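Below, read A as the first sequence line, B as the second, and so on, with proteins coming before strands; counting in each chain starts at 1. Side chains included, hydrogens not; waters and symmetry mates left out as well; all remaining heavy atoms used. Since we're looking at a predicted model, the values are computed, not measured.
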There are 2 protein chains.
Amino acid sequence: MVTLSEVARRARVTAATVSNVLRNREKVRPETAERVLQAIAELGYRPNLNARALAQGRSSTLALMLSNIANPFYPEFVLAAERAARKAGHFLMVCNTDDDAQIGRAYLNQIAGTFADGVLVMNTDIAMNELCISAMQNGPILLAMWEHPEKPPALPCVAVDFARAGALAAQHLLELGHRNIAMLTGDGCGGLQDARSDGFRAKLLEEGVDLATLAQLQVRDSIDSGYAACQQLFAQHPRVTAIFATNDLLAIGAIQALVSMGCAVPDDVSVIGITDIQLAHQMRPALTTVAIQTEAVAELSIRSLIRLIDEPDKQPPMVLGPPPELVTRMSTGPRRRRARG
Amino acid sequence: MVTLSEVARRARVTAATVSNVLRNREKVRPETAERVLQAIAELGYRPNLNARALAQGRSSTLALMLSNIANPFYPEFVLAAERAARKAGHFLMVCNTDDDAQIGRAYLNQIAGTFADGVLVMNTDIAMNELCISAMQNGPILLAMWEHPEKPPALPCVAVDFARAGALAAQHLLELGHRNIAMLTGDGCGGLQDARSDGFRAKLLEEGVDLATLAQLQVRDSIDSGYAACQQLFAQHPRVTAIFATNDLLAIGAIQALVSMGCAVPDDVSVIGITDIQLAHQMRPALTTVAIQTEAVAELSIRSLIRLIDEPDKQPPMVLGPPPELVTRMSTGPRRRRARG
DNA sequence: TTGAAAGCGCTAACAA
DNA sequence: TTGTTAGCGCTTTCAA
């Protein structure tokens, strides 16, 4: 392995000068720099990032903790986060906790403030939240996708107004004339997505809908469980004309179930989700949903984390992401008399 | 930050002893170890992984390079790879190259043999392949999901017999009586998936099918382009009764297109893919596909990479993953007289 | 079984 | 503008 001092020797300078060339080029005379650069090229020198990290006390690595990357929402977030990190000169380490607090704790313990200059934690449940708070002393931690802007957590966070997302979904269904509505609330990979369902319920109430008529189900966060929940739902509440799911996976699962049961979407039943994952527009019928601008939030989160690392004073405790927006596609339509039994 | 020597001082031993306690516990007397452990607990000591990495010359970090994590195949691989890495005491750094050789080169240059003890590279095209070969001198690199077991690359790899996957798909369609077949070949995130299509073609030939009747299209690797390609296909070849796609995304896109065009799947047209991503069984109709055991291959790849790092002599240049298997679901059925124009 | 000491490769004062 | 020097926190011979 070629080291800094070998480069220095070859360029007939000292290690300090090489180091200077490698970062602030100002302090070194152009001819010297040239010589150093050439030596670097000739020797094929590559800096040892571990040594640099140790000397600098920072590793240029950010960690992203998430519960399960197989949930299609995460890859989209990761993609944007990795780009943002890369552009800012950081690496991104993905830490998958498998929904296991033990693993989350281990990761947090090992990397916060050591391997990673900062940690971005997504969709925390209460246990995870506690862990993060106690891990804050080790290094900067930021919560991404915090769902309750009205009650900031005890850690820095990037929040998204998910209650508003729920309200937008409610408004859309109401405007289409639906009154027999069912709601599927996902577990959000650890933390119940209740900001979304609360927002939805509040809007219904505001518009004078009797919440007693609202069929409610709590389910795991996946297409499969959306499918199962929808079947169960219609066995119990056959007169439902619209389904609100707190995320797109559930909504997609519901649509699949409806199709299997011979229900037309949206003619018999409308379905709306939240998030606007890729799949939402790739399905047929394409899913109506409330977009939360995953990319923008990911970028904002990375930028905020970096600021938290570099200038902690300048980073506000809570940053609010862009507002959710309704994306109308083909899975919702006006209420019609149901043709089936 | 609490350091090793602070722990040592508190336990009234030297740093070397603490270090010994932290790894090979044999060499130290139980009572001493006990004192050290207590000091660690009292001080809340956490080892500095950068320092350890520098001293040991290894970072316990593995890097996974892939072209675009938003492709649903990758998260499934990442999930399994991360688990395997974690269980083996390694971290996993995800490097997304955005299909950009520049970014790939930069990553390889920066991390191979430095930040990462080893690098797993997926789905390389030729450019990437060259890069990897020249980066091998920096540190262990292993190609995952090599598609051509019959021609091993110039690097260590874990291969999967994708030609066989194509052949299995062909056999299935032939057994169902299909003769008017179309083939959608994906670009595989950089490297054309031609092992799959070659295997498919070879099987057809073997069974005496005239390849001239095989409509062939090359497309980008996504649901959207599968959709578009399928529409285009039927405009030109309306008599096709079965579609083979070299991966599930294309197959899923094709099904969506068929549904939109009013074609029943599988009654009018059968569709088969390769991979068996999660989505394949979550769709309606559920997709018939050839499973390549992503999880097992990911695990095998991580294990192989670790062996390549620890005992390079014991790691064979090419390891063959489990054989692909046909998974029959609802998107394929016997050929029937087509009812449409 | 424990301690002493050197060093991993780089950075960052400070001095020249 | 360049060199000297002293670490960063840990591991690892080697000696005691």
So, is [X] close to the [N] phosphate, meaning a side-chain N or O under 4.0 Å from OP1 or OP2?
X       : N      : result
A:Thr17 : D:dG3  : yes
A:Thr32 : D:dT2  : yes
B:Arg23 : D:dT11 : yes
B:Ser19 : D:dT11 : yes
A:Thr14 : D:dT4  : no

Item to check | Parallel, tilted or perpendicular, as decided by the 30° and 60° cut-offs, for the rings of B:Phe77 and B:Phe73 | outcome: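 Ring orientation of B:Phe73 relative to B:Phe77: tilted.
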Next on the checklist: Ring-plane angle category for A:Phe115 and B:Phe115, please: parallel below 30°, perpendicular beyond 60°, tilted otherwise.
Outcome noted: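 Ring orientation of A:Phe115 relative to B:Phe115: parallel.
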Next on the checklist: Using five pairs at each end of the helix from C:dT1-D:dA16 to C:dA16-D:dT1 to define an axis, what is the angle between those two axes, to 10°?
Outcome noted: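 Result, rounded to 10 degrees: 30°.
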Nearest of [options] to any side-chain atom of [X]?
X       : options               : answer
B:Arg29 : C:dC10, C:dT2, D:dC10 : C:dT2
B:Val28 : C:dT2, D:dT12, D:dC10 : C:dT2
B:Leu54 : D:dG9, D:dG3, C:dT11  : D:dG9

Give the rounded distance in Å between these two atoms: [atom1] of [X] and [atom2] of [N].
X        : N      : atom1 : atom2 : result
B:Leu22  : D:dC10 : CG    : P     : 9 Å
A:Leu4   : C:dA12 : CG    : P     : 12 Å
A:Asn50  : D:dT11 : CG    : P     : 13 Å
A:Lys27  : C:dC14 : NZ    : C1'   : 10 Å
B:Phe115 : C:dC10 : CZ    : C1'   : 13 Å
B:Arg52  : D:dC8  : CZ    : C1'   : 16 Å
A:Arg46  : C:dG9  : CZ    : P     : 13 Å
A:Arg35  : D:dT1  : CZ    : C1'   : 12 Å

Next on the checklist: Go nucleotide by nucleotide along DNA chain C from the 5' end; which of B:Ala16 and B:Ala55 gets its closest nucleotide reached first?
Outcome noted: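 Nearest-nucleotide comparison on DNA chain C picks B:Ala16.
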Next on the checklist: Please compare B:Ala15 and A:Ala15 by the position of their nearest nucleotide in DNA chain C and report the one closer to 5'.
Outcome noted: B:Ala15
Pair [X]-[Y], side-chain donor/acceptor within less than 3.5 Å:
X        : Y        : answer
B:Gln38  : B:Glu34  : no
B:Asn123 : B:Tyr74  : yes
A:Ser59  : A:Asp117 : yes

Item to check | Side-chain donor/acceptor of A:Arg35 to backbone N/O of A:Ala11, under 3.5 Å | outcome: yes
Checklist entry - Taking NZ, NE, NH1 and NH2 as the nitrogens, is one of them in A:Asp100 or B:Arg86 under 4.0 Å from a carboxylate oxygen of the other? => result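 Salt bridge absent between A:Asp100 and B:Arg86.
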Next on the checklist: One thing to verify: whether B:Arg303 and B:Glu299 come together as a salt bridge, which I'm taking to mean a side-chain N less than 4.0 angstrom from a carboxylate O.
Outcome noted: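 Between B:Arg303 and B:Glu299 there is a salt bridge, with a charged N closer than 4.0 Å to a carboxylate O.
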